Amino acid sequence: MKVRIRFTKTGSMQYIGHLDLMRYFQKLFRRCGFDVSYSQGFNPHQIMSFASPLGLGVTTVADYLNVSLESYKVTSLAGDDYIGRTLDVKEWIERINLFSNEMVTVTGIYRQPDNAKPSMSLLSAASYVIYGMEPEQAALVEEFFNSENEIKYEKQTKKSVKELDLKQGIYAVAAGYEKYCALAESIAVRDNDYEKKMAYSADALYVLCKSGSDVNIRPDMFLESYSMKTGSDCEYNRYKYDIVRTDMFYGDEKLISMSM
Amino acid sequence: MAKKLALSKEILMSVEKPARYIGDELNSVVKDLNETDIRFCMCFPDVYEIGMSHLGIQILYDMFNRRSDTWCERVYSPWHDLDKIMRRENIPLFALESQDAVKEFDFLGITLQYEMCYTNVLQILDLSQIPLSAHDRTDNDPIVIGGGPCSYNPEPLHEFFDIFYIGEGETVYDELLDLYKIMKKSGYDRKEFLKKAACIEGLYVPSLYEAAYNEDGTIASFEKKIKEIPDKIKKQAETDLEKYYPDKPLVPYIKATQDRAVLEIMRGCVRGCRFCQAGMIYRPLRIRDVEYLKALARKMIQSTGYEEISLSSLSSSDYKHLQELVYFLIEEFQDKRVNISLPSLRIDAFSLDVMGKVQDVRKSSLTFAPEAGSQRLRNVINKGLTEEIILKGAKDAFDGGWNRVKLYFMLGLPSETEDDIAAIAELANKIAAEYYSIPKDKRNGKVNVVVSTSLFVPKPFTPFQWEAMNEADDFTSKKGYLMSCIRKQLNQKSIKYNSHDSELSVLEGVFARGDRKCAQVLLSAYRKGCMFDAWSEYFDADKWDEAFEENGVNPLFYTHRKRGLDEILPWDFIDIGVTKRHLISEYEKSMRAETTDNCFVNCCGCGASVYLKGGCKF
């Protein structure tokens, strides 16, 4: 049985790298007795994959990971009297969070068809909110995005430098949450109830961009191009802003939240 | 809500592995400061991943935090990258849990596990903005306590610590903390507190004792300065091993060196190897109940989610319920996908059976620690392993499909000759030959024998504490000679040779048996930038040479000098239970290559049984 899990990673957990986060989930699932399937072979490991690794220093309120489950029963690894009980999704979310810290929490478990592709290969876009910018500056950034025909960014890869056009890779840049909702309306199907719960700031900067294995745009690339082009910030300081990933999407014509 | 961190995002993002500095690990303890009286910061003076692998701190962390009036937190050595930033920006060193400055604490406890961490101790004090010298500290500074195996000769560090706790932490810390609490409430004075602390059994306050030296540099006298305190410090040994053990150990976010649950099955060792300090200072042998361990193992796996559990002791094969325990762990855990990591066991039918069950035979290797190549030298060091046992064990293992063997030896042991070194190569060759005696169709590819040598460093409280240690050049030529002997062997292609750095071992030798004069050398070396000396890439021998020279201290005085049996040794004021008479007798027997039975076979009357009511009962 395949499920997709939506989770948060906030606060000081932003300093925990991707592999360590994976190890964190493995231990967490074992402690609460989540019945994750194991691979075969001499060194079996939990069958688990993430939609997209999150960079160090970035937090998220909606990332996704896929796991294969044997059942919804609490395994004998758990140390309490829940062993053997079958829990529903809501109960599992509560139980997992009881065993986790406050910064990594599960906020959704979604059953997937057996032939479902991994989230990683479905991923097409991600949305972000950027804190730490005055509203006037956010407006300038938005204006910059809308007025440029081309926004070049040189991406350093292991072997070469790749030139990207961020204008092509970014769907929307909006100063303020209301504006973002208006812009995103026609592009993406979002989880509105969840966004309401997260209570995003009215005047932060919002970015919706392509994400995935083909084109992977990050908001810090855009901020860097902005400051280089406008010279407003002489040198881009990547630690000045707090970047939060707010959701991940699949689909091309219309983006759909991974939670749907 | 996100908790406050001592370091800014900019700093955390610019250092390697920022997770070392954020705390918040699973099972870490956070308390309300309004409800606690005492703040204790426990320190392992090396990098986080090493410190987090240390069992002793986990035991004491749990023990302290069981007291409702005490909050124990942790700190480790900031790595080079952060060290530079903290100095530049004048950021005081902070404890992980609260992220508060260490200098605000009541106590800073530093565990001393190896001599090469001594410069890191100074780094910790310096970054904490605590005066390095105990004399310069005021009532507002934490009480700095040292503990762990190196505190059995605390003298090279005497200047930097207020108190040394000699022995196992479980026994008198409560007494010390209670005393502190009472004095805090009725007008605290640091000097007065230290005087009273010095009256508690097992606690050594170096500032209250005085050493005088002869012209030749040896100790003329070692006396207490005030009447009320004891002449000798009695080592502490816990007799109730079921009183404290963390069933919810801390689990780091990043991979620690020991990324598993650890079950300490025994303390102490019956073997009596004459080079081994742990074998003497942790006497007498104390055993944990097997049912207690089974329950503990289950709880630890539940509370951590670890996928591996290992057993810890000085000689696990001597644990009488080992079979029962190991088969229980296999049965209990194998279908839960918990790996059992075995300690190095004596190779016999049982150990081969469990190794076959818990490891991939093709990937795992056998380990033997003969320590010396020839039987004569093994008798000298009282290592009761014979060539026959080794070859038989290897043969059985090869028949079972193994093809990798690791062999551990020491170079520079007392009375060692070229023949003893050549015997190492010959033994390795015989093991390889044993493999090739198996018919070809039953072999599993080539055999792989790895010989590793460390360099013998005489340690306090061992029968070899009077012995001369080799010089760095001796070690280098011995390593070269061993290499040439290996190359002459028939199966030399199957033998690989690894060895330790000589200069590092010589420095270890100085501080292991150093006296108070070494403190200034340490300080000079630290001032020159020495830190993380245990990390060979950061060890700077030239700076150390300068530090010795500037202070007029000759390192050879400590390493290359054979002491007389009547010389006052820097650590003679410590009573570890094992008597000096016993050490001398063992030393003399070693010179005649005579062996001593282990405690199970025959009591050698070492003296450590005083710790047990009614003596040792094996």
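Numbers restart at 1 for each chain; the letters A, B, ... are given by sequence-line order, proteins then strands. All values derive from a computational prediction rather than experimental measurement.
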From B:Leu7 atom CG to A:Ser12 atom OG, the distance as rounded to the nearest 0.5 Å: 12.0 Å
Shortest non-hydrogen contact between A:Met103 and B:Asp24, atoms and distance: CE-OD2, 3.4 Å
Closest non-hydrogen atom pair, A:Arg23 against B:Tyr253: NH2-O, 3.4 Å
Residues in residues 74-93 of chain A near chain B [non-hydrogen atoms, under 4.5 Å]: A:Ser76, A:Leu77, A:Ala78, A:Gly79
A:Leu56 to B:Pro18 - nearest heavy-atom pair and separation: CD2-CG, 4.0 Å
B:Val338 portion near chain A, given a 4.5 angstrom heavy-atom threshold: both
CZ-NE2 distance between B:Arg337 and A:His45, expressed to the nearest 0.5 angstrom: 11.0 Å
Euclidean distance, B:Lys255 NZ relative to A:Leu19 CG, rounded to 0.5 Å: 9.5 Å
Non-hydrogen atoms of B:Thr304 and A:Arg31 that approach each other most closely: O-NH1, 3.1 Å
CD1-CD1 distance between A:Ile16 and B:Ile254, expressed to the nearest 0.5 angstrom: 7.5 Å
Donor-acceptor contact present, side-chain B:Lys9 to main-chain A:Lys240, <3.5 Å: no
Close approach to chain A in residues 288-303 of chain B, criterion heavy atom under 4.5 Å: B:Ile301, B:Gln302, B:Ser303
